[in-house]
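Residue indices begin at 1 and follow the sequence shown.
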Amino acid sequence: MEAKIGRYEVTKRIGRGSQGSVYLGRDPTLDRLVAVKVLTAGDAALNMVDADGTSLEARISSKLKHPNIVPIYDAGECMAGPYLIFEYVEGQPLSEVLKSRGAMSIEDAVPMIAAILKALSTAHAAEILHLDLSPRNVLIDADNVPRVMDFGLAQYVSIAREPKEFASGTLRYMAPEHFSSDPIGPWTDVFALGSTFYELVTGMVAMQGTKLEQIRDQIKSGAMNFEPVKALPHGNAFARFLAGAMEKSREGRYADCSTMSEAFDLFLEETGLAGKANTEGSSHSTIDFLLRRMQRTGDFPSISRTLSDINRLTGDEKEANADKLANVVLRDFALTGKLLKLVNSAFYGSRATEITSVSQAVVFLGVEQVRMTANSLAFFGHMKSDSAILKDSMTRSFLSGLIARALAQRAKLPGAEEAFISGMCQNLGENLVIFYFADEHEDIEDLQRREGLDKSAAARGVLGVGYSEVGAAVAKTWNLPRSIIEAIRGVPPGALAVPKSDDEKVRDVAVFANELCALFQYREQAEINDALDELLKRYENSVGLERTFCQKLVFAVFDKLKQFAPIFEINVASNGFCRAVNAWLEAQAESGEAEAAAPKVVAS
């Protein structure tokens, strides 16, 4: 090797890869150390030069200005091929750091993940892809700051529409589209980062196997094992975040690293780790955009003000002022009428005299009960539409709340009313999208059918965020308790572990109730029992129900729903969801599986 490359004095080789070798060099003009990369890859696109002799990598890297991206200083050509001059950063690749130090805790990894996401967001905003992201291409400098390097496989998004004949990149971090005719794009980098962050916190590669075929088949199948992640502190929330990056179908992934960064900010808020990352200037633009659209539509501002005031008055005060709470309810005439109708119904037991004022209702029920009841009534009272889809979904919400409430009472949890709201609000985001964004909801359903995605992934593909993120964001604006917001965000993928707290128990019964009700809405009758068995298996450590008890429970709560259907303006006879539930119950009765006494569902 020649002692000089261009004007740069080469001292020793410090790295070698599939695209060439990297040397430590010195710039005599500026008297500084540099990294000299000589491209020897066979890929013509990497060595392709402009008339001025600038390689593709140089043209790309020169556009990337970010403190977490290793900058390029110069480019040229020598006898061995094109060369690139980078800032010399003293440090180790993340792959070597993980070998020597082991995995990082999720909490300790937060600053590194945030910085890497911001760096790639900058690249994607400039329509530049990396396409070879892995722990090997993230340099950890002497100050423990991550620096993304080696954009050797990067291409402008505009020229990366069609994948090449042969897959390139680091196999274990490659996205499924590398092995198919599907287009490559920013979502391809998202998948690679998901695999990288998985390894960062577990010390294990996400794609297991020792043979190329094994690894490739796992990538193509989308079979991800999140159990090692879920076992970590904050692991459930982090597994949900990773799942959005590692969806098999690119339509179900975060669209780019900017969207992934927003999802990570939501994870930080959820876990209380926001202080660990520099989130200055960050904003959840997708969520903010959706909220702004809702604020300009219908009576969303009115319902938001009512629910926000109710929850603000009662959220942290056990002895909130009953008169103030009553005044908030009285501002909403429809809410007032329904609250009085419900409090005088059998739902809250019999009494000698009728309750005729909201103040009396507050005294009779208590502040906490009124808060929960008003939330549900306001929710149903304002979300009115001729859409049969919305009516079915709203009815499912109510039945889900009743089931969650019954399960919380069965488990003797202190938050039975909170379980009701958590269960009812499980599909809050979906209901809001159906109501406010009907066209987008049609696109989501079309994507589900076309790609076989679940609802969360399909919503992410259309809106940029999943239904749960929309629901949690709105619940936050309504000042709902943190425990309910956490329940709306859902549970991690895979089988659930034994819950560690009452809040986790409430969350699990709420999510279970919603998924149970979803079977009636989305499954064919012949499929429901098999799907129910799968659901019970997934929740056996958490909720722990037998199928026969579950069938009896649905009998009981559906009967309860029919009692209160007039208050919630549910037409049981014409409602598609109610007909589906009733058909399943009749089939169970005919089979004799659930004909015995149903479990008692306590009403108050």
Can Met174 and Phe179 be said to form a side-chain contact (heavy atoms from CB on, under 4.5 Å), step by step? CA-CA 9 Å; Met174 293 170 70; Phe179 307 99; 4.1 Å; yes

Could you tell me if the side chain of Asp141 sits less than 4.5 Å from the side chain of Glu90, heavy atoms only? no

Verify the neighbour count for atom NZ of Lys230: are there more than 12 heavy atoms of other residues, nucleotides or ligands below 6.0 Å? yes

Applying salt bridge (Lys or Arg N to Asp or Glu O under 4.0 Å), run through Glu213 and Arg216 and close with a yes or a no. CA-CA 5 Å; Glu213 292 79 8; Arg216 182 195 59 202; 5.4 Å; no

Exercise: identify the closest heavy-atom pair between Asp256 and Pro186: CB-CB, 3.6 Å

Donor-acceptor contact present, side-chain Arg250 to main-chain Ala255, <3.5 Å: no

Does any non-hydrogen side-chain atom of Pro233 lie less than 4.5 Å from one of Ile106? no

Between the main-chain N or O of Gly466 and the side-chain N or O of Ser456, is there a donor-acceptor pair closer than 3.5 Å? no

For the residue pair Asn236 and Pro492, what are the closest heavy atoms and their distance? OD1-CG, 3.1 Å

Donor-acceptor under 3.5 Å (Glu527 side chain, Arg523 main chain): no

From CA spacing to verdict: salt bridge (Lys or Arg N to Asp or Glu O under 4.0 Å), Glu9, Arg26: CA-CA 5 Å; Glu9 301 168 353; Arg26 177 179 170 273; 3.2 Å; yes

Does the distance from a Lys or Arg side-chain N to an Asp or Glu carboxylate O, for Arg32 and Glu87, drop under 4.0 Å? no

If you take all heavy atoms of Gln208 and Gln218, which pair is closest and at what distance? N-OE1, 2.8 Å

Under the 3.5 angstrom rule, does the side chain of His124 hit a backbone N or O of Asp189 as a donor-acceptor pair? no

Contact between Asn137 and Val148 at the side-chain level, heavy atoms closer than 4.5 Å - yes or no? no

Check the pair Lys4 / Val10 against side-chain contact (heavy atoms from CB on, under 4.5 Å), numbers first and verdict last. CA-CA 6 Å; Lys4 295 186 72 173; Val10 175; over 6 Å; no

I'd like to check Glu486 versus Asp503 (side-chain heavy atoms, cut-off strictly below 4.5 Å). Are they in contact? no

I want to check something: taking the side chain as every heavy atom from C-beta on, are Leu94 and Thr196 in contact at a cut-off of under 4.5 Å? yes

Measure from the side-chain N and O atoms of Arg489 to the backbone N and O of Ser468, and report whether any donor-acceptor pair falls under 3.5 Å. no

In sequence, state the C-alpha distance, the side-chain angles, and the governing distance for Lys118 and Ser261, and then conclude on side-chain hydrogen bond (donor to acceptor under 3.5 Å, both in side chains). CA-CA 7 Å; Lys118 297 301 182 188; Ser261 183; 3.2 Å; yes

Would you check if Phe238 and Val110 make a side-chain contact, meaning some heavy-atom pair closer than 4.5 Å? no

Would you mind reporting whether Ser422 and Ile488 have side-chain heavy atoms less than 4.5 Å apart? no

Would you say the side-chain atoms of Ser400 pair up with the backbone N or O of Arg396, donor to acceptor, closer than 3.5 Å? no

Answer yes or no on whether Arg460 is positioned over the face of Tyr254, meaning its NZ or CZ is under 6.0 Å from the six-membered ring centre and within 45° of the axis. yes

Side-chain H-bond candidate by donor/acceptor type, Glu251 with Ser249, under 3.5 Å: yes

Just how far is it from atom OH of Tyr539 to atom CG of Leu545, taken to the nearest 0.5 Å? 11.5 Å

Distance, nearest 0.5 Å, that separates CZ of Phe264 from OG1 of Thr259: 15.0 Å

Would you confirm whether Ser542, through its side chain, and Val498, through its main-chain N or O, come within 3.5 Å as a donor-acceptor pair? no

Salt bridge (Lys or Arg N to Asp or Glu O under 4.0 Å) between Lys455 and Glu430: does it pass, once the steps are laid out? CA-CA 9 Å; Lys455 287 191 302 178; Glu430 182 179 1; 2.6 Å; yes

Shortest non-hydrogen contact between Ala115 and His66, atoms and distance: O-CE1, 4.3 Å

Could you verify whether a donor N or O on one side chain and an acceptor N or O on the other, from Thr170 and Asp132, lie under 3.5 Å apart? yes

Closest heavy-atom pair and its distance - Tyr467, Ala459: N-CB, 3.9 Å

dist Met204:CE -> Leu98:CG (nearest 0.5 Å) comes out at 13.0 Å

Can you check whether Asp108 reaches Val201 side chain to side chain, under 4.5 Å on heavy atoms? no

Rounded to the nearest 0.5 Å, how far apart are CZ of Phe191 and OH of Tyr173? 12.0 Å

Can you name the one residue among Ile113, Val97, Ile140 that meets side-chain contact (heavy atoms from CB on, under 4.5 Å) with Pro146? Ile140

Between Lys37 and Ser21, do the side chains contain a donor N or O and an acceptor N or O under 3.5 Å apart? no

Does the side chain of Asn427 pick up a donor-acceptor pair with the side chain of Ser393 at under 3.5 Å? yes

Are Phe86 and Tyr73 an aromatic pair by the rule of ring centers under 6.0 Å? no

From CA spacing to verdict: side-chain contact (heavy atoms from CB on, under 4.5 Å), Val138, Met112: CA-CA 10 Å; Val138 177; Met112 185 175 294; 5.6 Å; no

So, Arg253 side chain and Lys248 main chain: donor-acceptor pair closer than 3.5 Å or not? yes

Rounded to the nearest 0.5 Å, what separates atom CG in Leu266 from atom CZ in Arg240? 11.0 Å

CG of Leu453 to CD of Glu445, rounded to nearest 0.5 Å, is 13.0 Å

Report the C-alpha separation of Arg136 and Glu96 in whole Å, then their side-chain angles, then the decisive distance to 0.1 Å, and conclude whether the salt bridge (Lys or Arg N to Asp or Glu O under 4.0 Å) test is met. CA-CA 8 Å; Arg136 183 173 59 92; Glu96 296 301 319; over 6 Å; no

Would you check, one step at a time, whether the test side-chain contact (heavy atoms from CB on, under 4.5 Å) holds for Leu516 with Leu532? CA-CA 7 Å; Leu516 171 60; Leu532 176 57; 3.6 Å; yes

Is there a donor-acceptor pair closer than 3.5 Å between any side-chain N or O of Tyr23 and the backbone N or O of Ile5? no

Please name the pair of heavy atoms, one in Leu139 and one in Gly91, separated by the smallest distance, quoted to 0.1 Å. CD1-C, 3.9 Å

If only side-chain N and O atoms count, and only distance matters, is there a donor-acceptor pair under 3.5 Å linking Ser180 with Asp182? yes

